[in-house]
Amino acid sequence: FNLTTLRIPPALFALGVLGLILWWGKILGTQREALLAMALLATTYMFVLHARRGSFEMLLTLLCNLSVLLLYLCVQKPSWLTGLGGTLAFGLAFLAKGTPALLYVPLVLFVWLALSHRLRMIFRWQVGTLAVVGILIAISWHLYVIAFRPESRQTIFSELLLPAGVKVGETSSAQHREAFYFYLVNIWRAAFPLSLLIPLTAFHVWHKRGYPPERPERLLVLMVVVPFLVFSSIPMKQDHYLLPAMPALALLSARAIFDVITQCAQLSRKWVTVPVLVTCIILLIASPVVVLGLVLVGDWLRILAVMVGLLCAALGVAGLLALRRAATLNGLGIALIGTALVFWCYFTVIRPVEDGFGSGRLFSDPTYLAQKEAWDQKFERYPLLRKLLDVDRGLKRSKQIQKHVPDEW
């Protein structure tokens with residue numbers, strides 16, 4: 001495979017997640033909120049990162065959210081087809097990533113049904129049948145390994161218990177032991193710029209008392225809160241564990257924005273204007289940085305790089321002018337477009353080169369070897385560029401790899 005074939009699946013899964021946002025918009029009864037939620041999610045750092053990375057996180061996000069949506073519809077209007085679809089999505093989510101699917105689908109639905117006083121539904125034979133089907137799909141591969149691959153049984157059990165901090169024998173996964181407040185701190189970077197709206201969204205949910213139990217918004221709240229609490233309580237943590245909760249957070253944030261703007265214009269300016277103002281100022285500051293990055297790292301023609309930089313600055317100015325005219329939603333939309341442009345420049349032009357230098361892989365690339373003299377001149381002229389691209393660490397890694405690889409390889 002190459003980078004293109006590796007990244008096409010998560011990109012398609014990301015588009016599928018955005019499609020689910022539109023579906024939720026129909027359920028919630030407003031498409032404008034869904035469109036705003038799509039814009040918020042599509043510019044969120046964690047979402048953009050895993051939409052281009054060849055990992056299972058975006059597949060897990062798509063399947064978990066699809067399963068919850070279909071099973072919610074099945075609760076509202078019982079249907080074997082809808083129920084089987086939700087069950088299949090859950091089983092595939094478990095096969096894709098394992099135990100996190102339990103937190104995002106059955107646990108969230110269980111808490112939602114319990115809070116809405118409909119927990120007796122799980123004792124119906126139809127629900128039991130679907131549960132058995134979903135569990136069999138989920139553990140089918142694990143049963144095969146346990147039955148026919150005895151040498152891998154220990155790995156299965158060690159991987160199962162590792163998130164709880166229990167190490168049984170050898171495991172192929174890295175341990176990521178973090179403090180209980182890890183997500184409280186990390187969410188501001190991982191979910192930027194959506195994270196800027198977390199105070200507004202929290203105020204909105206508190207004001208609504210978490211929404212009535214029968215409302216779909218209550219389910220969205222639980223999709224954020226329940227996994228957040230469970231993941232915070234276990235020893236092993238990584239920021240991408242919360243990725244499946246990002247669509248629900250985006251929908252709630254969009255609803256909070258429209259609700260506050262409609263019912264309390266003065267408060268909406270205070271909560272929405274500040275994040276938009278900060279983002280527009282960042283766009284103005286980032287515009288020359290984007291130009292330098294495209295020229296020095298991406299070897300773009302200066303005229304094209306300057307045009308992109310001017311576009312970033314123009315979006316920042318347009319957002320500020322929109323705020324001055326009290327057009328808060330217009331300013332928010334402009335700020336999100338500007339953020340998406342900066343992200344595009346970073347992830348498509350600068351990040352691949354930065355990763356290549358930092359990992360040491362670029363030093364053996366024929367393209368780099370042909371341009372080595374030009375890169376050395378850049379680093380000599382701009383020492384900060386050498387530090388930002390993590391060249392020295394990459395050189396150490398490259399030497400370590402060469403040291404441990406036999407000559408005949």
Side-chain angles (χ1 to χ4, degrees), residues 1-25 34-69 89 92-93 95-98 100-101 104 183 186-198 220 223-224 227 231 238-254 279 286 290 293-294 298 308 312 333 335-356 358-359:
F1 59 86
N2 55 37
L3 289 180
T4 300
T5 56
L6 190 65
R7 290 171 174 169
I8 284 177
L12 295 176
F13 299 149
L15 293 176
V17 174
L18 295 179
L20 292 180
I21 295 285
L22 284 178
W23 198 347
W24 271 113
L35 292 173
L36 178 56
M38 287 177 63
L40 291 170
L41 184 62
T43 55
T44 297
Y45 173 77
M46 192 192 309
F47 186 83
V48 175
L49 181 68
H50 290 284
R52 64 179 293 277
R53 178 179 288 178
S55 67
F56 294 101
E57 311 306 329
M58 195 57 70
L59 176 60
L60 174 71
T61 300
L62 173 63
L63 292 173
C64 285
N65 279 271
L66 177 61
S67 179
V68 170
L69 177 57
L92 294 177
L95 286 174
K97 197 65 181 176
Y104 281 105
Y183 292 113
N186 188 265
I187 190 68
W188 302 101
R189 178 191 67 86
F192 181 85
L194 178 60
S195 58
L196 297 176
L197 298 170
I198 288 179
L220 295 175
M223 284 193 70
V224 178
F231 282 130
Q238 292 193 77
D239 54 4
H240 60 75
Y241 289 176
L242 296 182
L243 182 62
M246 290 299 106
L249 181 60
L251 282 162
L252 291 171
S253 298
T279 304
V290 168
L294 294 178
V308 175
C312 288
L336 290 172
I337 293 173
T339 304
L341 178 60
V342 173
F343 275 16
W344 180 85
C345 292
Y346 175 73
F347 280 110
T348 60
V349 179
I350 298 174
R351 176 61 185 170
V353 178
E354 178 188 358
D355 182 66
S359 64

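Heads up: numbering here begins at 1 and tracks the sequence.
Nearest heavy atoms, P193 versus L336: CG-CD2, 4.3 Å. In this structure, Y104 and P227 approach most closely via the heavy-atom pair CE2-CG, 3.3 Å. Here the closest non-hydrogen pair linking A254 and A37 is CB-N, 3.8 Å. Contact between G298 and V349 at its shortest, heavy atoms only, is CA-CG1, 3.6 Å. Contact detail for C345 and V290: the closest heavy-atom pair is SG-CG1, 3.9 Å. Between M58 and F13, the shortest heavy-atom contact is CG-CB, 3.6 Å.
P247 pairs with exactly one of L20, L40, T61, V224 by the side chain to side chain contact (heavy atoms under 4.5 Å, CB included) rule, that one being T61. The side chain to side chain contact (heavy atoms under 4.5 Å, CB included) test with L41 is passed by exactly one of V48, V17, L251, L36: V17.
Considering only heavy atoms from C-beta on, R52 stays 4.5 Å or farther from P10 through its side chain. Between F56 and K97 the shortest side-chain heavy-atom distance falls below 4.5 Å. The shortest distance between side-chain heavy atoms of R53 and R7 does not fall below 4.5 Å. With contacts defined as side-chain heavy-atom distances shorter than 4.5 Å, the pair F192/M46 does not qualify. Between L49 and F347 the shortest side-chain heavy-atom distance falls below 4.5 Å. Considering only heavy atoms from C-beta on, W23 comes within 4.5 Å of L69 through its side chain. Counting heavy atoms from C-beta outward, L197 and L249 have side chains that stay 4.5 Å or more apart. In this structure, L60 and L243 have side chains that are not in contact, with every pair of non-hydrogen atoms separated by 4.5 Å or more.
Taken from CZ in R351 to CZ in F343, the straight-line distance is 12.5 Å, to the nearest 0.5 Å. In this structure, CG in L12 is found 11.5 Å from CG in L59, a value given to the nearest 0.5 Å. Separating the CG atom in L194 from the OG1 atom in T43 is a distance of 7.5 Å, to the nearest 0.5 Å. Remark: T44 OG1 to M246 CE distance equals 7.5 Å, nearest 0.5 Å.
For R189, the salt bridge (charged side-chain N to carboxylate O under 4.0 Å, His left out) partners two or more places apart in sequence, or in a different chain, are D239. Taking T339 as the reference, nothing meets the side-chain hydrogen bond (donor to acceptor under 3.5 Å, both in side chains) condition, with sequence neighbours excluded.
Side-chain atoms of E57 and Y241 include no donor-acceptor pair closer than 3.5 Å.
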Q: Could you check V342 against C312 for side-chain contact (heavy atoms from CB on, under 4.5 Å), going step by step and ending with a plain yes or no?
A: CA-CA 7 Å; V342 173; C312 288; 4.0 Å; yes
Practice prompt. Would you sort out whether W24 and L220 count as a side-chain contact (heavy atoms from CB on, under 4.5 Å), showing the intermediate values?
Written response: CA-CA 10 Å; W24 271 113; L220 295 175; 4.0 Å; yes
